[in-house]
Every structure is written in C-alpha cells, then in structure tokens.
Amino acid sequence: MSTGRFKDLTDLELLQEISKFESRALEELYDRYSPVLYTIIKKIAPDKVTAEQILIEVFVIIWRKVNKFDFLVGNVFSWLVTLTRNKAIDLVRRERATDSSVEIYDDDYEDYFILPTFPQDMDALDFSTALTIKPKIEKALSKLTDTQKYVLHLAYYEGFEIDEIADKLNVPVETVRGKIMTALQSLRDNLVGE
Amino acid sequence: MPDKAIYEMISAFAVGCMDKQNYMQFKDYIAEGGDLPKSELGELQNVISMIPVILELENPDPIIKDLVAKKLIGIKDEIKTKIMEGKKKSFTSSRTATSNFGLPDDKRSKSLSFIEKSNTRTPPTFQSSNVEEQEVSFTKKIKTANGQIKKPSEEKPKTGTRKEETKKSLEQPPMLTPARIPSYENEPERNVQPERMSAGAAGWISLLLSIILFSVLGYFTYTSLGSINTSIEDLKRDVSSLKNQINSVNSFVNNYASLVEFFNNKDIIVAYLNSSNPEEKASAKLLLSFNEKEGLVQFNNPRPLRQDQGYQIWVLSKGQPYSLGIYQPIGNEYLKISSFPFLPKERIDSYIVTIEAGSGASIPSTNIYLTSASAKPVTRN
C-alpha cells in the first residue's frame, strides 16, 4: 500500500502526523520501520507467532501513546527501538517469572516500564543515519572483548537483570555493573574513533 | 556518591538491565530533573539503540500489516468507552493517577544509588514484640500531642500537682445538660445596664459574624466556581480530543472496511500492475476473488487525469480483453471492482490498465498505462 505524500516526510514529521491520528502516516512508519523492529523482536521473542503478535502490539502502542513521545528531543529511531525492545523483553521476563509477583499489564504499567525515558539533552537519531553508520557499529562491536559482548547480549537481548547475570556468570553484582559500564563506554569510544 | 556509581547506573539504565526498584528510583530521578553527567545517558541510549542495526533485517509477513489495521479498528470501541468513562470520572482522581503513574509515593525517591536487591528481597521480620513496641510508641506520640497523657498503667499517681488537675479536667466527662440559667431577680441594679449593652454588642457581633460568614462563603464559592470552570474547560478539551480520535478512526475504518470485509473471501488473487516506463512511479494493486466475483483495486501515485478521463482495468484471456470497469481514484483508497467477467481464473493471462475517455471503451486503446504479467494467489488459513 502506498502512502503518497507521507513517503517524503522525516521520521519526526511522521510521528507528528500520527499524533493527529493520521492513519496513513502510521502506515508509512510501518513500511519504514517494521523490518528493523521485527528483526529486534525476533531476536528476543521465543517464536515467530509471538514475534508477530508483539510487532502488532508495538504499532498499537505507537498509535495510542504517540502523545507521550518527546517531540522536543525528537529521537524517533531510539524511541521506537527502545520501546520495541522493552515490549519484547517484558514478555520474555513475564514468561520467565515463576512466582506470582508479576505486575498487571495496564496503561500505567505500559507508560512507566515500556515507554522509553530519554533525557532532554539527548541528540536525535534517525533510521537513515543509523543505517549509514552500520559498518562503523559492526567494527566498534567487534573491538569489544568476548565477555563484554556476552554481558551486553545477556542484558539487552535476553533481558536478564544485573543480579541474574551475576548469578549466571558466578561473579559479584559489582563486577557485572562494572562490565556493563565498560562495555558501553568502550562501544561508544570505538564508534567515535571510527 | 562516587562518580563510578553514577556511570554504572546510567549504563545499566541505558541497557535496560536494572531491577525494578533501581529502575523506578532512577527513572523518577530523571523525571525530577536530577543531576547527571552531561549528555552521558542520551549518548549511551543512542549507542545501545544502534546495536540492532547490525542484524540481518527481516521483513514481517505482509498479512501483519492488515492485522495492525484490524487491531486499530478494534481500538475505536476502546476510545468510545474512554469518552464515557471520562465523563464519569472525577478530574482529581484521574489526574492524581496519571501524574503518579499509579505508583504509591513510597516507591518514588529523589536519592540516587543502587539499592541492593538482596536486601529488598528479604521481607522484614515482624516479631510480636516489635509490633507491640511500634504500637506503643505510636500511642505515646498521639497522647503526647494531646496533652502529655500516658497510659494509666505506666503512670504513677501524683497528688497535688498541676498536671494532675489538668489530667482530671481532661478526663472529666462532658456535661450532657446545659448549666442552670442564673436568676437575675436577686442581682443588683448595676448589672442591668451591662446586660443591655451586651445585647447591643451581640447584635453587632452577630452582624460582623454574618458578614465574615458571607465573605468566606463567597470566597469559597468563587474559588470553587473557578476550579469547576477549569475542570469543565479541561473536560471539554478531553472530549474534543477524543472526538477527533473517533473521527480519525472512523475515516480509517471507512477506508479499510471494504478491505477487511473482502479479506473474508478465501480465494483471493493479488496482481501488481506497474508501468513499463521506469520513470513512471504509478502502480496499482488488484485483489480479486473469482468465487465471489468481487474485487478491489488500489492505485498508487496515479497520474492526474482530465475530468472526462478514467483508468480502465482489463483482464486479458487468450488475447481477448474483458473490462473490469473504469475508475477515477482520488487518493490511494480501495475501490470496488464494478464489473466482473465470467472467466475461470486459470484462463487469465494478464491485467492491464489503460487511460480511456468518458464511460470507458469496449476495447483497450493502445495507451497502456500499467500492466501485470501474472497474478499471485494469496494463501489464507
């Protein structure tokens, strides 16, 4: 399906149109972002059916909660990626939880735990820029140590919390905190150095 | 707090691996504008968001897009319900709930440091002695506030002290009958004048009290009216916003209702028509159900036509053209196929779109605008 004039809009302009409940803008956003968001979800979700279900839910959240997006910060790419990752991880964590302490998923929960929180001084990033620097990201990631990569994988894609990672690796919690910090900072430094 | 701890928290928050308690604490800290190293969190959040870019991108099944559309249609009812609820809900409660994210105040904190999960996991042990102790201290506090009254069992009796008198007067039960009205008959004459004066003063006092009372009432009415007016304005704004949502969803539903209804058919064939001219951006999508003799067409970026012209769709079967009707699309809406030939789908060779004048031509002109080599059947469960 074509979305005419919306094709030429930037990510931010698209979200502005969606905030006016323009369904064709959401359609264009879907065309633009569904591959990357679906890929993230597939990496996290246990199976294809669940991944597809999460993707649908993510776009429903975007439609319903676009007014929670900070248009001043304007970081559409990171907002969508983080929102999608949070949604998928939430499902994985719920399935992993064995006790009855899992919180009810309602609007308030979604606003607080699924929608991303970004600081005001954050730089905006869009999809095309992220795709352009893909080789740099690959190179920067390859420079991390195996442990750093593994810790990041456990935290970001597997959704393990710090103490769970510490249990898994049989190391103190403080070590895991330090490893995550070093890994992220190295990744950023490597990216800047590229 | 040492710098390292802040950087560790920022990193853990950016990656999304904080436990719930630390997450809430940190999130509230940001929301309250807490100090953080400049641009550190934003940079790390951007870095972590870029990690998935290196994955081999995979397209979701095209049917998912339709499912998203269906789901959004379903939201229409939800929005309607919200309007109804919005009218019933009191503003105060809804606002409080929203601003607090439904979380109790004790979950929110301004301080920032890692909370050890091991400590929070272990529930505090409430032994009976502790509870009693707490209860006693609580009782003591209340009684102290009420005039140094302590438990009778703890207090040794003291005689002749001022405290004792106060205690007694406080413990004295209130009088249930009014005190006897003193008789003025036996009072000396000098007492009559002050009584008259006090009656006049009482009048003034009651007048003054009435004025104060009316002023207070007026003030409260004024402030209440102001607050109610603000609430009404807010409510109007909410209703107007929700109406906009409904209108938008309605237009969305109208746009897609025919598509959703059409997808109930099980033998759908999809044909994509494109121009042979690579510079021409126009295309069309043809959805046909031969069993039901129904179809939909969607034109994308079609060239604007004169008012007396239209796009005529043709089915070619063994070199013979059959018209599927002539159309004048306005946007990229789905149009119902107006004429459906009695042809088995196996005999279809291709589809073409020509630009024709007026109510259509009996045979296609040589001006072929879009063409499709073959049709793809859509498998549906």
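Below, chain A is the first sequence line, B the second, and so on; all start at residue 1.
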[Y] and [X], any side-chain heavy atoms less than 4.5 Å apart:
| X | Y | value |
| --- | --- | --- |
| A:Tyr156 | B:Cys17 | no |
| B:Glu8 | A:Ile180 | no |
| A:Thr82 | B:Ile48 | no |
| B:Lys4 | A:Met181 | yes |
| A:Thr182 | B:Tyr7 | no |

Quiz item: Between B:Lys71 and A:Glu57, is the closest basic N to carboxylate O distance under 4.0 Å?
Solution: no
Quiz item: Between B:Lys65 and A:Glu27, is there a side-chain N and carboxylate O pair less than 4.0 Å apart?
Solution: yes
[X] side, atom [atom1]; [Y] side, atom [atom2] - distance, nearest 0.5 Å:
| X | Y | atom1 | atom2 | result |
| --- | --- | --- | --- | --- |
| A:Asp163 | B:Asp19 | CG | CG | 6.0 Å |
| B:Lys20 | A:Arg93 | NZ | CZ | 8.5 Å |
| A:Glu161 | B:Met18 | CD | CE | 10.5 Å |
| B:Ser11 | A:Leu187 | OG | CG | 11.0 Å |
| A:Lys7 | B:Asn300 | NZ | CG | 8.0 Å |
| B:Phe26 | A:Thr117 | CZ | OG1 | 10.0 Å |

What are the two closest non-hydrogen atoms of [X] and [Y], and how far apart are they?
| X | Y | result |
| --- | --- | --- |
| B:Val68 | A:Tyr30 | CG2-CE1, 4.0 Å |
| A:Leu184 | B:Ala14 | CD1-CB, 4.1 Å |
| A:Ile40 | B:Pro52 | CG1-CB, 3.5 Å |

Quick one: does [X]'s side chain have a donor or acceptor within less than 3.5 Å of a partner on [Y]'s backbone?
| X | Y | value |
| --- | --- | --- |
| B:Asn59 | A:Pro35 | no |
| A:Arg85 | B:Ser49 | no |
| A:Thr39 | B:Glu58 | yes |

Quiz item: Of all of B:Asp61, B:Val53, B:Leu44, B:Val47, which one pairs up most often with chain A through heavy atoms under 4.5 Å apart?
Solution: B:Val53
Interface moiety of [X] toward chain B, non-hydrogen atoms closer than 4.5 Å:
| X | result |
| --- | --- |
| A:Glu158 | neither |
| A:Leu26 | side chain |
| A:Asn86 | neither |
| A:Leu154 | neither |
| A:Leu141 | side chain |

Quiz item: Taking only residues two or more places apart in sequence or in another chain, which ones pass ring pair (Phe, Tyr, Trp, His ring centres under 6.0 Å) with B:Tyr327?
Solution: none
Practice problem: Kindly indicate whether a cation-pi arrangement holds for B:Lys27 with A:Phe113, taking the cut-offs as under 6.0 Å to the six-membered ring centre and within 45° of the axis. | Solution: no
Exercise. Inspect the surroundings of NZ in A:Lys179 and state if more than 12 heavy atoms from other residues, nucleotides or ligands are less than 6.0 Å away.
Key: no
Self-check item: Heavy atoms of other groups near A:Lys149 NZ, more than 12 under 6.0 Å
Solution: yes
Self-check item: Option that, when pairs with chain B are counted at under 4.5 Å, heavy atom only, ranks first among A:Gly159, A:Ala130, A:Ala124, A:Pro119
Solution: A:Pro119
Quiz prompt | Working for side-chain hydrogen bond (donor to acceptor under 3.5 Å, both in side chains), residues A:Tyr112 and B:Asp28 | solution = CA-CA 10 Å; A:Tyr112 200 81; B:Asp28 293 342; 2.7 Å; yes
With a 4.5 angstrom heavy-atom cut-off, could you sort out which part of [X] is near chain A: side chain, backbone, both or neither?
| X | value |
| --- | --- |
| B:Met50 | both |
| B:Ile30 | side chain |
| B:Glu40 | both |
| B:Lys281 | neither |
| B:Ile51 | both |
| B:Gln45 | both |

Practice problem: Check step by step if side chain to side chain contact (heavy atoms under 4.5 Å, CB included) holds for A:Phe59 and B:Leu67. | Solution: CA-CA 11 Å; A:Phe59 276 92; B:Leu67 292 175; over 6 Å; no
Exercise. Check whether the side chains of A:Ser78 and B:Asn46 place a donor and an acceptor atom closer than 3.5 Å, and report yes or no.
Key: yes
